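To start, the structure under review is shown below, and the notes come after it.
If you're wondering where the values come from, they're calculated on a predicted model, not measured in any experiment. If you read the sequence from its start, that first residue is 1, and numbering goes on from there.
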Amino acid sequence: MKILTGNDLGTGDVVWWTGSDWSRHVADAVDVDNHGEAIAAAEDAARRVNAPYVIDAEETPNGPRPAHIKDRIRAAGPTVRLDLNIKPADPAAGSWVI
C-alpha cells in the first residue's frame, strides 16, 4: 500500500491524502497505488500542501499504518507531550510508533 503525506501550508500540520483532499488523520488516507507521484506533483503545484511525498504503509483494521518509524511519529503528532498528539485519549498512542 502507498499513501501520500505532506504538510499543510497554513498550519504546518502533517496531512494525509484522502483521495480528494487532505486530512490530519492518517486513518483517512487512501491507497494511491502508482498514482502517488502524479497526485503529489499536482497538489504541490496547486500550493495546497508543502513537500508531498509517497510512503509505504500497511492496511490495518484502523486504517493505514505508515511502514517507517519516521512517518509513524509524524502520524501520531508531537513527541514532546503525548497529550498534544492526534489521539491523546488513546492509551496505546505512545506504543504505536515502535
Side-chain angles (χ1 to χ4, degrees):
M1 168 176 220
K2 303 278 187 189
I3 59 177
L4 187 60
T5 186
N7 291 86
D8 181 81
L9 283 171
T11 64
D13 289 344
V14 174
V15 290
W16 309 89
W17 181 246
T18 67
S20 61
D21 205 357
W22 296 92
S23 171
R24 291 181 61 224
H25 304 282
V26 69
D28 298 334
V30 297
D31 186 1
V32 294
D33 195 32
N34 60 352
H35 306 290
E37 296 299 332
I39 296 167
E43 290 294 306
D44 194 36
R47 304 301 300 153
R48 291 178 12 123
V49 68
N50 184 49
Y53 61 99
V54 178
I55 64 167
D56 290 322
E58 52 196 58
E59 186 62 49
T60 73
N62 297 323
R65 180 177 190 249
H68 194 277
I69 185 89
K70 172 194 152 207
D71 295 303
R72 283 188 239 150
I73 291 169
R74 290 179 73 246
T79 58
V80 293
R81 288 182 39 201
L82 287 179
D83 61 313
L84 297 177
N85 74 19
I86 296 295
K87 298 164 121 186
D90 183 353
S95 66
W96 194 58
V97 296
I98 305 259

Apart from W22 itself, which Ile, Leu, Val, Met, Phe, Trp or Tyr residues share its cluster (side-chain heavy atoms under 4.5 Å, direct or through members)?
L4, V15, W17, V30, V32, I39, V49, V54
Check: R47 and L9 side chains under 4.5 Å, non-hydrogen atoms
yes
Any chance you could measure D13, atom CG, to R24, atom CZ, to the nearest 0.5 Å?
4.5 Å
How close do P66 and A75 get, heavy atom to heavy atom, and via which atoms?
CG-CB, 4.3 Å
Indicate, with yes or no, if Y53 and V26 share a hydrophobic cluster defined by side-chain heavy-atom contacts under 4.5 Å among Ile, Leu, Val, Met, Phe, Trp and Tyr.
yes
Whether R65 side chain and E59 backbone form a donor-acceptor pair below 3.5 Å
no
Atom pair CG/CD of N50 and E43 - distance to nearest 0.5 Å:
12.5 Å
Please list, chain by chain and in numerical order, all residues satisfying salt bridge (charged side-chain N to carboxylate O under 4.0 Å, His left out) with D56, sequence neighbours excluded.
K2
Residues pairing under side chain to side chain donor-acceptor pair (under 3.5 Å) where one sits in residues 26-42, two or more places apart or in two chains, turn out to be S23-D28
List the steps and the verdict of side chain to side chain contact (heavy atoms under 4.5 Å, CB included) for R74 and D71.
CA-CA 5 Å; R74 290 179 73 246; D71 295 303; 3.5 Å; yes
Could you pull out the closest heavy-atom pair between A57 and P64, with the gap in Å?
CB-CB, 4.3 Å
Determine yes or no for a side-chain-to-main-chain donor-acceptor pair under 3.5 angstrom, with H25 supplying the side chain and A27 the backbone.
no
